[in-house]
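Reviewing the structure listed below.
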Amino acid sequence: MAARKIIKKYEVGLMTMLNKEDEIIDRFGLKPAIDHREIIQSLLIDETNNSSSEDNEYLKTLCIMLFSLGRAEDSLLIWKAKQKNFDASCYIDVQLLCGAGFENTVEFLKTINDESVSQQIEYLEKCKGTDFVDFNKETIIENYRQYYGI
């Protein structure tokens with residue numbers, strides 16, 4: 001068992017469990033293969049729709065994984081996760097909405113006629129001058145690798 005797993009173990013009743021983000025990173029990696037995209041999307045949808053879950057670290061980890069795959073359409077799922085509640089909105093960084101790059105993501109979103117998507121575009125445009133200065137996807141992924149100790 002990896003040292004990272006041992007450090008992050010929790011005792012829950014009679015069962016010992018790893019936290020969810022460690023399990024998902026161990027299974028797919030922080031930058032997963034494209035073959036795992038649908039599974040990660042499903043996990044993110046389930047976690048976003050789970051009103052009893054307050055595990056924002058796991059939610060954020062799933063968003064990072066989709067971000068790293070660089071598909072503009074995944075911005076829609078990440079936006080829904082970010083809108084789950086106030087804490088998730090603060091916890092999921094705005095840059096994670098733009099794995100395909102800022103311009104490519106906004107161009108994609110403009111092809112969709114939906115109020116929620118319009119709000120997402122407005123939010124991104126508002127953040128462009130501050131949160132996307134020197135935006136570099138690989139640097140962001142590397143920062144998250146350091147954050148997770150991998």
Side-chain angles (χ1 to χ4, degrees), residues 2 4-5 7-8 10 17-150:
R4 186 167 63 84
K5 285 184 178 180
I7 291 169
K8 293 188 175 184
Y10 296 106
M17 296 177 44
L18 293 173
N19 59 31
K20 287 179 177 180
E21 65 271 9
D22 279 347
E23 290 179 16
I24 200 76
I25 290 170
D26 287 345
R27 183 171 177 193
F28 300 113
L30 195 60
K31 193 172 182 178
I34 194 70
D35 299 354
H36 300 297
R37 182 171 171 249
E38 287 183 23
I39 295 168
I40 295 164
Q41 288 173 323
S42 279
L43 292 170
L44 182 58
I45 290 166
D46 289 347
E47 189 65 19
T48 300
N49 292 334
N50 183 353
S51 60
S52 65
S53 175
E54 295 181 10
D55 191 350
N56 290 320
E57 187 67 39
Y58 178 60
L59 194 67
K60 180 178 182 173
T61 303
L62 293 167
C63 291
I64 294 166
M65 295 169 99
L66 287 179
F67 164 84
S68 73
L69 294 175
R71 298 291 183 97
E73 57 270 25
D74 287 332
S75 178
L76 299 168
L77 293 177
I78 296 168
W79 177 252
K80 285 183 182 177
K82 188 169 177 60
Q83 298 304 302
K84 179 178 180 176
N85 57 44
F86 177 78
D87 290 341
S89 180
C90 296
Y91 210 76
I92 298 170
D93 299 322
V94 65
Q95 293 87 352
L96 296 179
L97 295 168
C98 296
F102 183 88
E103 297 301 331
N104 289 340
T105 301
V106 172
E107 284 178 33
F108 166 76
L109 293 172
K110 286 180 178 178
T111 67
I112 301 169
N113 187 16
D114 179 87
E115 180 61 31
S116 177
V117 175
S118 296
Q119 291 172 357
Q120 182 179 350
I121 294 168
E122 184 179 321
Y123 180 75
L124 286 170
E125 293 289 354
K126 186 176 96 178
C127 296
K128 183 178 182 178
T130 54
D131 295 300
F132 290 94
V133 175
D134 298 325
F135 176 80
N136 182 296
K137 179 180 157 187
E138 294 307 317
T139 300
I140 291 170
I141 293 169
E142 182 55 35
N143 289 340
Y144 282 120
R145 280 195 175 104
Q146 291 175 14
Y147 173 79
Y148 289 110
I150 53 176

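We use all heavy atoms of the structure for the numbers below, so side chains are in, but hydrogens, waters and symmetry mates are not.
The local environment of CG in Asn113 is sparse, with at most 12 non-hydrogen atoms from other residues, nucleotides or ligands closer than 6.0 Å. Enclosure of atom CD in Glu38 is not indicated, since only 12 or fewer non-hydrogen atoms of other residues, nucleotides or ligands lie within 6.0 angstrom.
At least one side-chain heavy atom of Leu59 sits less than 4.5 Å from a side-chain heavy atom of Ile92. Within the 4.5 Å cutoff, the side chain of Ile24 has heavy atoms near those of the Leu62 side chain. Inter-residue side-chain proximity for Tyr147 and Ile64 is flagged as unmet; no heavy-atom pair is nearer than 4.5 Å. For the pair Val117 and Ile121, the minimum side-chain heavy-atom distance is below 4.5 Å. Between Glu57 and Asn19 there is no side-chain heavy-atom pair separated by less than 4.5 Å. Between Ile140 and Asp93 there is no side-chain heavy-atom pair separated by less than 4.5 Å. At a threshold of 4.5 Å between non-hydrogen side-chain atoms, the residues Glu54 and Asp87 do not count as touching. Two residues are said to be in side-chain contact when any heavy atoms from C-beta on lie closer than 4.5 Å; His36 and Leu69 fail this criterion.
A pairwise comparison of heavy atoms in Gly101 and Thr105 identifies O-OG1, 2.7 Å as the closest pair. Closest heavy-atom contact between Leu30 and Pro32: O-CD, 3.3 Å.
The side-chain hydrogen bond (donor to acceptor under 3.5 Å, both in side chains) pairs that include a residue from residues 124-135 are Glu103-Lys128, where partners are two or more places apart or lie in different chains. Note on residues 61-80: pairs passing ring pair (Phe, Tyr, Trp, His ring centres under 6.0 Å), not counting sequence neighbours, are Trp79-Tyr123. Among residues at least two apart or in separate chains, side-chain hydrogen bond (donor to acceptor under 3.5 Å, both in side chains) pairs with a member in residues 63-75 are Arg37-Glu73, Arg37-Asp74, Gln41-Asp74, Ser75-Gln120. Applying the ring pair (Phe, Tyr, Trp, His ring centres under 6.0 Å) rule to pairs touching residues 88-116 yields Phe102-Phe132, sequence neighbours excluded.
The OH atom of Tyr144 sits 9.0 Å away from atom SG of Cys63, with the distance rounded to the nearest 0.5 Å. With rounding to the nearest 0.5 angstrom, the CG atom of Asn143 is 11.5 Å from the CD atom of Glu138. Taking CD of Glu47 as the start and NZ of Lys60 as the end, the distance is 15.0 Å to the nearest 0.5 Å. Here the CG-OG distance, from Leu77 to Ser42, works out to 9.5 Å after rounding to the nearest 0.5 Å. For the atom pair Thr48 OG1 and Lys82 NZ, the distance stands at 12.5 Å (nearest 0.5 Å). Of the inter-residue distances, the one linking Leu66 atom CG with Leu76 atom CG reads 11.5 Å to the nearest 0.5 angstrom.
Lys80 places no side-chain N or O within donor-acceptor distance of the main-chain N or O of Asn49, the cut-off being under 3.5 Å. Side chain of Lys20 to backbone of Thr61: no donor-acceptor contact under 3.5 angstrom is found. Not a single donor-acceptor pair under 3.5 Å links the side chain of Ser89 to the backbone N or O of Asn85.
Residues that satisfy the side-chain hydrogen bond (donor to acceptor under 3.5 Å, both in side chains) test with Arg145, not counting sequence neighbours, are absent from this structure. With sequence neighbours excluded, no residue satisfies side chain to side chain contact (heavy atoms under 4.5 Å, CB included) with Glu122.
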